[in-house]
J.: 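One structure is given below, represented as structure tokens, and several questions about it will come after.
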Amino acid sequence: MTNTVAAANAEISRYVAASSRLIFDEPTIATQPPLVIRPYRLFSQRFPLLSLSLLERNSISSSRLRSLPNDSDASGGLTYKDAGVDIDAGSELVRRIAKMAPGIGGFGGLYPLGDSFLVAGTDGVGTKLKLAFETGIHETIGIDLVAMSVNDIVTSGAKPLFFLDYFATSHLDVDLAEKVIKGIVDGCQQSDCALLGGETAEMPDFYAKGEYDLSGFAVGIVKKDSVIDGKNIVAGDVLIGLPSSGVHSNGFSLVRRVLAHSGLSLKDQLPGAAVTLGEALMAPTVIYVKQVLDIIGKGGVKGIAHITGGGFTDNIPRVFPEGLGAVIYKDSWNVPAVFKWIQQAGKIEDAEMSRTFNMGIGMVLVVSKEASQRILEDANGAYTAYRIGEVVNGEGVSYH
């Protein structure tokens with residue numbers, strides 16, 4: 001890993017001097033100068049944000065958006081919009097941003113670097129932090145933070161190189177911050193990338209006592225001839241699903257609303273499981289990097305979708321060429337008990353569940369029929385994978 005980072009840094013330095021001569025030959029490529037790496041700083045200086053044209057605004061369609069609560073759906077069940085998150089408004093903002101920064105829409109932003117692309121992604125943890133404050137579980141929330149970015153950039157086939165974090169609080173509790181950062185370190189180790197630096201911001205009176213906020217970004221690299229971009233996807237290709245650990249880091253505004261309506265506490269046992277609701281909901285996001293890169297190395301992977309805010313319904317079509325959609329086999333994988341409880345307790349419609357949560361599948365790979373057989377056979381004993389659907393002519397995602 002050290003050699004990889006060193007080589008990448010050296011290559012970045014060479015291209016800083018030549019940035020004005022770069023020719024951008026792909027419509028999804030950024031037009032900003034390359035990154036300049038700075039040392040780790042506390043409190044005083046923030047790392048510069050990557051430009052909008054470099055970053056995909058995937059998080060806009062996730063639980064990060066806030067709006068005034070609306071009435072529940074006609075069935076009386078809770079909805080994500082009822083919990084204060086309007087996915088349609090997020091999609092509209094993405095559409096408007098795309099007018100200003102063409103090329104936005106994938107899971108990671110690509111930047112040319114010689115015969116490779118740097119791939120960058122950014123995200124936070126959302127209102128899952130509220131449950132961390134309530135449960136006192138802070139050791140794994142950093143894993144969630146890393147996962148949300150590295151899982152995005154690996155969808156392009158990129159190997160994560162480094163990660164930077166932002167930790168903000170009103171009053172710095174060193175012991176608490178250490179627990180959070182330990183989780184970030186664990187997440188970086190799981191994704192085989194370096195924790196290069198970050199920012200710790202102490203802002204008196206800005207956050208409630210004992211609370212904090214997190215965000216971060218990751219940068220990876222992939223050869224131009226190895227980019228996974230979905231362009232070669234055709235009808236008849238197979239959808240392979242990799243299981244999630246639970247809710248991951250999206251949909252918690254709705255989860256918390258369901259919890260409040262259910263009459264249960266985070267210390268109560270999750271119905272149908274041997275863990276508490278708090279333990280089930282705080283299960284850290286799976287980091288798929290090593291597994292996905294291993295599968296990509298065997299060939300036949302055409303597209304990859306990270307299932308975050310927007311669920312299956314909004315995320316899978318993002319990797320398809322125009323005119324293609326997906327059919328999902330509803331009973332082709334085991335839906336974790338936590339989702340069954342969320343749906344029953346909140347009286348949530350199937351369509352709303354599929355558009356809000358990962359439903360037990362955190363990553364979807366679009367592969368050829370031939371590759372699907374090999375991937376599923378190799379999964380036996382090594383990892384778990386499901387054949388969850390197929391690509392069809394048409395638009396959108398349907399469930400059968």
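If you're wondering where the values come from, they're calculated on a predicted model, not measured in any experiment.
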J.: Any chance you could lay out the side-chain contact (heavy atoms from CB on, under 4.5 Å) test for Ile240 and Ile388, step after step, and finish with the verdict?
T.: CA-CA 6 Å; Ile240 300 291; Ile388 66 167; over 6 Å; no

J.: Looking at every non-hydrogen atom in both residues, tell me the closest pair between Thr276 and Lys267 and how far apart they are.
T.: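 Distance-wise, the nearest heavy atoms are CG2-O, 3.6 Å.
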
J.: State which residue, out of Leu376, Leu365, Val367, fulfils the side chain to side chain contact (heavy atoms under 4.5 Å, CB included) condition with Val238.
T.: Val367

J.: Taking atom CZ of Phe206 as the centre, does the number of heavy atoms from other residues, nucleotides or ligands within less than 6.0 Å exceed 12?
T.: no

J.: Considering all heavy atoms of both residues, which atom of Ser170 and which atom of Asp205 are nearest to each other, and what is their separation?
T.: OG-N, 3.5 Å

J.: Between Tyr212 and Tyr207, is the gap from one ring center to the other below 6.0 Å?
T.: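 Ring centres of Tyr207 and Tyr212 not closer than 6.0 Å.
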
J.: More than 12 foreign heavy atoms under 6.0 Å from CD of Gln269: is that the case here?
T.: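 Counting other residues, nucleotides and ligands, CD of Gln269 exceeds 12 neighbours.
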
J.: Within a strict 4.5 Å, meaning less than it, do heavy atoms of the Cys188 and Leu195 side chains meet?
T.: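 Contact flag for Cys188/Leu195 side chains = yes.
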
J.: For Lys369 and Gly236, indicate whether the former's side chain and the latter's backbone hold a donor-acceptor pair under 3.5 Å.
T.: no

J.: Would you check if Ile295 and Val301 make a side-chain contact, meaning some heavy-atom pair closer than 4.5 Å?
T.: yes

J.: Once you round to the nearest 0.5 Å, how far does OG of Ser354 lie from CD of Gln343?
T.: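 Going from the OG atom of Ser354 to the CD atom of Gln343 covers 8.0 Å.
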
J.: Consider only side-chain N and O atoms of Tyr288 and His306, and report whether a donor and an acceptor are under 3.5 Å apart.
T.: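 No, because no side-chain N or O of Tyr288 sits under 3.5 Å from a partner of the opposite role on His306.
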
J.: Quick one: does Asn315's side chain have a donor or acceptor within less than 3.5 Å of a partner on Gly309's backbone?
T.: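 Side chain of Asn315 to backbone of Gly309: a pair is present.
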
J.: Centres of the Trp333 and Phe312 rings: under 6.0 Å?
T.: yes

J.: For the side chain of Thr155 and the backbone of Asp152, is there at least one donor-acceptor N/O pair under 3.5 Å apart?
T.: yes

J.: Are the side chain of Thr127 and the backbone of Ser253 linked by a donor-acceptor contact shorter than 3.5 Å?
T.: yes

J.: For Lys290, is there an ion pair with Asp294 - N to carboxylate O distance below 4.0 angstrom?
T.: no

J.: Is it possible for you to say whether Tyr329 and Phe357 belong to one hydrophobic cluster, with membership spreading through side-chain heavy-atom contacts below 4.5 Å?
T.: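 Per the 4.5 Å side-chain linkage, Tyr329 and Phe357 are not co-clustered.
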
J.: Would you say that Ile304 contacts Val319 through its side chain, given a criterion of any heavy-atom pair below 4.5 Å between the two side chains?
T.: no

J.: For Arg257, does its backbone N or O pair with a side-chain atom of His261 as donor and acceptor, under 3.5 Å?
T.: yes

J.: Does the Lys NZ or Arg CZ of Lys130 fall within the cation-pi geometry relative to Phe252 - under 6.0 Å from the ring centre and within 45° of the axis?
T.: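 Because its charged atom misses either the 6.0 Å distance or the 45° angle limit, Lys130 does not stack over Phe252.
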
J.: Quick check: does any side chain N or O of Ser245 sit under 3.5 Å from a backbone N or O of Pro284, one acting as donor and the other as acceptor?
T.: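 Yes, Ser245 side chain to Pro284 backbone: donor-acceptor pair under 3.5 Å.
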
J.: Please determine, by modelled atom types, if Ser249 and Asp144 share a side-chain donor-acceptor pair under 3.5 angstrom.
T.: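 The answer is yes; a qualifying pair exists.
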
J.: Any donor and acceptor pair, going by atom type alone, linking the side chain of Arg374 with main-chain N or O of Lys298 inside 3.5 Å?
T.: yes

J.: Specify the closest pair of heavy atoms between Thr384 and Gln291, including all atoms of both residues, with the distance to one decimal.
T.: O-NE2, 4.0 Å

J.: Is Val327 reachable from Met353 through a run of hydrophobic residues whose side-chain heavy atoms are each under 4.5 Å from the next?
T.: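 No: no chain of side-chain contacts under 4.5 Å links Met353 to Val327.
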
J.: Does one side chain, of Thr313 or Tyr399, offer a donor that lies under 3.5 Å from an acceptor on the other?
T.: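 Indeed, the side chains of Thr313 and Tyr399 share at least one donor-acceptor pair under 3.5 Å.
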
